[in-house]
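Inspection log for the structure reproduced underneath, given as structure tokens.
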Amino acid sequence: MLLRTKWGLPLLTVGSSVGGAVVVALLIVLGGAPHRYGAQLGTLLQILAVYVVVALLAAVRGVLALRRRSLGWLDTSSAPTPDHARHTLRLPTESTVLIGSLWAGGILAMSGSAFALLPVWEALGGTLLMTLGGLATVGYNYLFVERALRPVMATILAVDTPHAPPRTSVISRLILTWALTSALPLAAAIALLHYPDAAPPDRIHAATYLAALGLVSGALAETLLARAVAQPIHQMRGALRRIGQGRLDVRVPVDDSSEIGVLQSTVNDMVRGLQEQDRLRDLFGRHVGRDVAQRALDRGADLTGEIREITALFVDVTNSTALAHQISPQEFVDKLNRLLAEVIAATESHHGLVNKFEGDAALCIFGAPVARADAADSALHAARQIRDRVLAHGELDIGIGLATGPVFAGNLGTDQRLEYTVIGDAVNEASRLTELAKHTPGRILASDAVIRAASEPEREYWTPHGDCSLRGRTLPTQTWESIPPGN
């Protein structure tokens, strides 16, 4: 990168000034002015040479001081500070002011000498050409320095306030480019074509030179400006396309201090917001279940509910109190987590919802919040899968109860704290059956209503267990059990 070297910025700024001086000199030569200056030409050249040497030394010293204050962090390979960032963002303007001041001094010195040594029209013509050349020089210096800063702009803007107003604008760049490539060459051409003392061939030569200069510089400047605008827009378009595809690992480099940089920062802020929403959605779904989370996102935090026909599956650990006394708390929690992993996997694979954990027990529901015609089949199959896998591990003993019936399914609580839950006799019945299931060979008891709601293929796995008296009920409950394979 040009600005990483000590002399890169001085060469850039001094080079733009030398280029502007060469353009002015060519205009004066092509306009035939040296032939009209006569003996005064040598004096003017001597004055110009002295000022150029002084101005070049002042420009190099001033630009080096600006670079040391703004880009000194590049020499030590350290991260820029906020002060560095502010000075770096002001570097195009400050270097342009420095070069413009030196050009203004040169214009004053040379115009004063010209008015003292030459006729008024000659002095006016030379002053006008030098002024136009100076304006072109400071304009190109600003664009060149701003373009040279592009490789470090992402680092600088990351340190500077990300939502600060833009330091420049696309409109100002367009106006400046138009002024440099169209307005100034045309103004100089008009001045030379109407210069009274210039011969017609000299006017034609100078105007042709200015037209060619405007065409070349205009094509170059507009190409650079178009690339500077189109490239970040292309990057943002690609980033937005990937975001639309669900990829949230996208980051757009913020390397522009205009409205484009603000737009780049906005895209990155949007990605961070989407990542945070996705993280919250994932955490929310882990706590309440994905179906409940989606229901909350679709309907909002309402306290309404509905009556649903569901199948409740209740699973509980046998002799958990004694087991917790025999082993360490961490070991007990590890065993419970492995059990609950099986419960979650079996329930979700059969489109159910693990509604809540109650210590070493879990309540799973099938048919809410998303209604399902095969809720009974799904619950029975999930119960057999949980039983088979948990008993195969041999770490814990469990009981599972299943019941079917109408329940209230919805949010319970207040506006400040809500919980999606199901309330109804089927939930209580499943809990009571779980206690009895702990003492049966198959470790699962299902009510007759569940079996009647199931399909014929699923019923093949179940046999009558008999009538059971459940706590809180006066009439016996007809139950069914499933014997594990191999028993």
Side-chain angles (χ1 to χ4, degrees), residues 305-318 342-343 346-358 360-391 397-409 421-485 487:
E306 52 195 345
I307 303 301
R308 282 284 180 86
E309 187 79 15
I310 63 104
T311 297
L313 184 156
F314 204 90
V315 55
D316 193 11
V317 175
T318 302
E342 297 292 353
V343 173
T347 301
E348 293 189 348
S349 66
H350 292 86
H351 310 289
L353 168 67
V354 181
N355 183 237
K356 59 171 61 71
F357 300 124
E358 299 178 359
D360 53 5
L363 171 62
C364 310
I365 55 177
F366 298 80
V370 178
R372 297 189 63 85
D374 60 346
D377 274 9
S378 298
L380 292 170
H381 193 178
R384 291 188 291 106
Q385 183 176 324
I386 294 170
R387 186 269 317 277
D388 294 343
R389 290 184 178 180
V390 172
L391 295 184
D397 194 6
I398 60 171
I400 301 176
L402 298 103
T404 290
V407 298
F408 167 87
T421 189
V422 288
I423 299 175
D425 184 61
V427 179
N428 298 329
E429 186 177 13
S431 176
R432 303 288 188 267
L433 289 173
T434 302
E435 292 301 320
L436 298 178
K438 295 177 181 179
H439 308 289
T440 64
R443 298 298 191 272
I444 308 175
L445 284 180
S447 70
D448 184 63
V450 180
I451 302 301
R452 283 189 283 105
S455 64
E456 190 62 36
E458 178 61 35
R459 293 178 190 174
E460 296 294 329
Y461 294 96
W462 300 83
T463 59
H465 175 73
D467 294 341
C468 297
S469 297
L470 302 182
R471 180 164 51 90
R473 293 190 169 206
T474 57
L475 298 177
T477 300
Q478 186 178 355
T479 61
W480 297 67
E481 64 178 335
S482 174
I483 305 300
N487 286 17

When rounded to the nearest 0.5 Å, the distance separating CZ of Phe366 from CG of Asp374 is 10.0 Å
For Ala426 and Thr404, the nearest pair of non-hydrogen atoms, with its separation, is CB-C, 3.8 Å
Ile398 and Arg443 have their tightest heavy-atom pair at O-CD, 3.1 Å
Output for pair (Leu402 CG, Trp480 CH2), nearest 0.5 Å, gives 14.0 Å
Contacts of Asn428 meeting side chain to side chain donor-acceptor pair (under 3.5 Å) (sequence neighbours excluded), chain-then-number -> none
So OG1 of Thr477 and CG of Leu470: to nearest 0.5 Å the spacing works out to 4.0 Å
OG1 (Thr311) and CG (Leu380) are apart, to the nearest 0.5 Å, by 7.0 Å
With the side chain counted from C-beta on, respond yes when Asn355 and Thr421 share a heavy-atom pair under 4.5 Å apart, and no when they do not.
yes
Is a donor on one side and an acceptor on the other found under 3.5 Å between the side chain of Thr434 and the backbone of Phe314? yes
Checklist entry - Are the side chain of Arg387 and the backbone of Gly442 linked by a donor-acceptor contact shorter than 3.5 Å? => result yes
**Asked** Going by an N to O cut-off under 4.0 Å, is there a salt bridge joining Arg432 and Glu435?
**Response** no
Tightest non-hydrogen contact, residues Thr347 and Cys364, listed as OG1-SG, 3.5 Å
* To do: Without swapping roles, check the side chain of Arg452 against the backbone of Ser447 for a donor-acceptor pair under 3.5 Å.
  => no
Sorted by chain and residue number, the side chain to side chain donor-acceptor pair (under 3.5 Å) partners of Ser469 (sequence neighbours excluded) come out as none
Using a 3.5 Å distance criterion without hydrogens, assess whether the side chain of Arg384 forms a donor-acceptor pair with backbone atoms of Tyr461.
no
Interatomic distance, CZ@Arg308 vs CZ@Phe408, rounded to 0.5 Å, equals 11.5 Å
When every non-hydrogen atom of Asp467 is compared with those of Pro476, the smallest separation belongs to CB-CB, 3.9 Å
Heavy-atom closest pair (Leu363 atom, Ala312 atom, distance to 0.1 Å) is CD1-CB, 4.3 Å
So OG of Ser482 and CZ of Arg459: to nearest 0.5 Å the spacing works out to 15.0 Å
Of all heavy-atom pairs linking Val407 and Gly424, the shortest is CG1-CA, 3.8 Å
Side chain to side chain donor-acceptor pair (under 3.5 Å) filter on Ser431, not counting sequence neighbours, yields none
